[in-house]
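Report on the structure given below.
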Number of protein chains: 2
Amino acid sequence: MSPEVLANVTRAIDELHYVPNRMARSLANRQTMAIALVVPEETTRFFGDPYFASIVDGIARALRPSDYVLNLQFASPGALSEKTVRYLLGGNVDGALVVSHHSGNHFLASLGHSLPVVFGGRPLHPDEQPSHYVDVDNVAAADMGTRYLIDQGRQRIATITGSADMPAGIDREAGWQRAMERAGLRTDLVARGDFSMASGARCMRSLLDRSPGLDAVFVASDLMATGAVSVLRERGRAIPSDVAVVGFDDSPVAIGGEVELTTVFQPSVEMGEAMAHMLLAMLRGEEPEPVQIMPTRMVVRESA
Amino acid sequence: MSPEVLANVTRAIDELHYVPNRMARSLANRQTMAIALVVPEETTRFFGDPYFASIVDGIARALRPSDYVLNLQFASPGALSEKTVRYLLGGNVDGALVVSHHSGNHFLASLGHSLPVVFGGRPLHPDEQPSHYVDVDNVAAADMGTRYLIDQGRQRIATITGSADMPAGIDREAGWQRAMERAGLRTDLVARGDFSMASGARCMRSLLDRSPGLDAVFVASDLMATGAVSVLRERGRAIPSDVAVVGFDDSPVAIGGEVELTTVFQPSVEMGEAMAHMLLAMLRGEEPEPVQIMPTRMVVRESA
DNA sequence: CTGAAAGCGCTTACAG
DNA sequence: CTGAAAGCGCTTACAG
């Protein structure tokens, strides 16, 4: 083809608004150019947690320049619907991104056998299979947040944990415990939350009842920390002088509430981007590092 | 085919886990069995507002029993990306659901010409074209919420509005104004928010500065009302005795905060379901009522 | 290197 | 009513 012919054709394509038929292309190609975004969480929780917002934001951002399209698959935490399973396994998508703190879902855990999959957060049973995921070192990060309180001279440091069936919940509690033990402090002030604001408030009340003299609390998410802060104020505790609070995430709620939170930052948006890039690499046939651990850091504001 | 043969084939289908290829079917069919969920909002705002959570929850719920799949299309409020436009117009979806308070987006407004589309909330320019949408009567609902305060004997009633470029923002302000004028009350205490919690706090501060003696405030969303409540408490105002607060939505934040909100309920989940059902009907070739207005009601709790 | 043909896996209109 | 053929709109392997 001569350059002029090419130019003519190109112009015709533009003028006629020609758009290749995706279905026909997929059929011939054996590629769907679609990626499933699997959300094994209650819609309420998914939308209520700014962590997910950032992750999805990062994913959407990373996928924008690509030709891939995102297919939303809501599912309950426990099991995927038959429809979703059929969809994922029926060759309707080229890969899947699973965003959830949760785990213990057998099908999801083994989904990587049938399809390129990247998880947000480490799977709960690492032995189950070598999967691809993006995460932070939650143990080390929680250790850092707790140590920050210890270094301020706090003595009676409680923790409000996340859910016990989520790696992020388990690991952040372990990090708190490690820091406390290393400092020779008591590790009895533990209240189990579920990452929701309401659970943060409930846990704070119970901790205050059990130990009115506590002088600090490490909370496994900013959303829970917000709930804890409002209870502390309700009970007349000054923050941080009476009780110091360290949160986790550095999500928008950290600065939107009554007291600006000192917190452990995790790069949620970048984690979403990293998930998408890892999957994109897999789809290109590359073999990216299966595990990507992102850095965390302390962000000091008012609450501690 | 004899019944036995049929049974054998059916069994074979089950055993071999046969799943019809969606792409091939779409190509032959001229149907994609996909619906676009267009979100012309910043991701942060989308995820931060429980209203959207409920809408999407309702949509997902209504679509679950169907064979349709949801394709997420994030877009900026102002304009859709070329990729999204190509996608929507390129025959990749059978219809679209647009969830946003926003409007003023020309392309979106005329999207209904090329594709079955249902909007969440009335389009800003109703003259532009007769489109399909699900909404509540925001004027009447805000009138009701304001009247509730008036009936309690409140005299100095302010309002915190939503964004001025969203029908929900405009109409709820109009409803407040109508109720106030009918009662012969002054309509000068208006602060313009943007549906975010932070804007609710900011507006409350400015209202209190302008009129320390105000005794009630009608707020166009529960999220903003939450921000307003924390400022009122910060300034030492008792709720509802000093200042009564009425919110809007009856979303989860209405009962998750420091004070349980009295609010105007709108059936967000059902609105999402209604949007999906309307679109499904259109896709079946039916001609559903193009406008569906859902009922609202007062929910009385602590704040007023 | 170019261009016509076969094939992707379905559905549907049509001949028998 | 049944069954074989054509066609959906692309890509790709292959003959020229």
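Only a predicted model underlies this, so the values are computations on that prediction, with no experimental measurement involved. Letters A, B, ... are given to chains in the order of the sequence lines, protein chains preceding strands, and every chain is numbered from 1.
Rounded to whole Å, the separation between the C1' atoms of D:dC10 and C:dA13 comes to 22 Å. D:dG7 and C:dG16 have their P atoms separated by 16 Å, given to the nearest Å.
Looking at B:P288 and B:M282, their side chains come closer than 4.5 Å, going by heavy atoms from C-beta outward.
Look at B:R122 and B:D171 and you find a salt bridge, because one of the NZ, NE, NH1 or NH2 atoms lies within 4.0 Å of a carboxylate O, short of that distance.
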Starting at the 5' end of nucleotides 4-9 of chain C, put B wherever the base has a protein heavy atom under 4.0 Å, S where only the sugar-phosphate does, and a dash everywhere else. ---BBB
Whenever both distances are under 3.5 Å in a Watson-Crick or G-U wobble pair, mark it; put DNA chain D into dot-bracket that way, with [ ] for crossing pairs and | when the partner is on another strand. |||.||||||||.|||
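Between the side chains of A:D222 and A:Y51, no donor-acceptor pair is found at a separation under 3.5 Å. A:D249 and A:Q266 form a side-chain donor-acceptor contact under 3.5 Å, judged by distance and modelled atom types alone. Defined by atom type and a distance below 3.5 Å, a donor-acceptor pair is missing between the side-chain atoms of B:S163 and B:D194.
Residues B:F248 and B:F265 place their aromatic rings such that the two centres sit no closer than 6.0 Å.
A cation-pi geometry, defined here as NZ or CZ lying under 6.0 Å from the six-membered ring centre and within 45° of its normal, does not hold between A:R45 and A:F195.
A perpendicular orientation is assigned to the rings of A:F47 and B:F46, their planes being inclined by more than 60° (bins at 30° and 60°).
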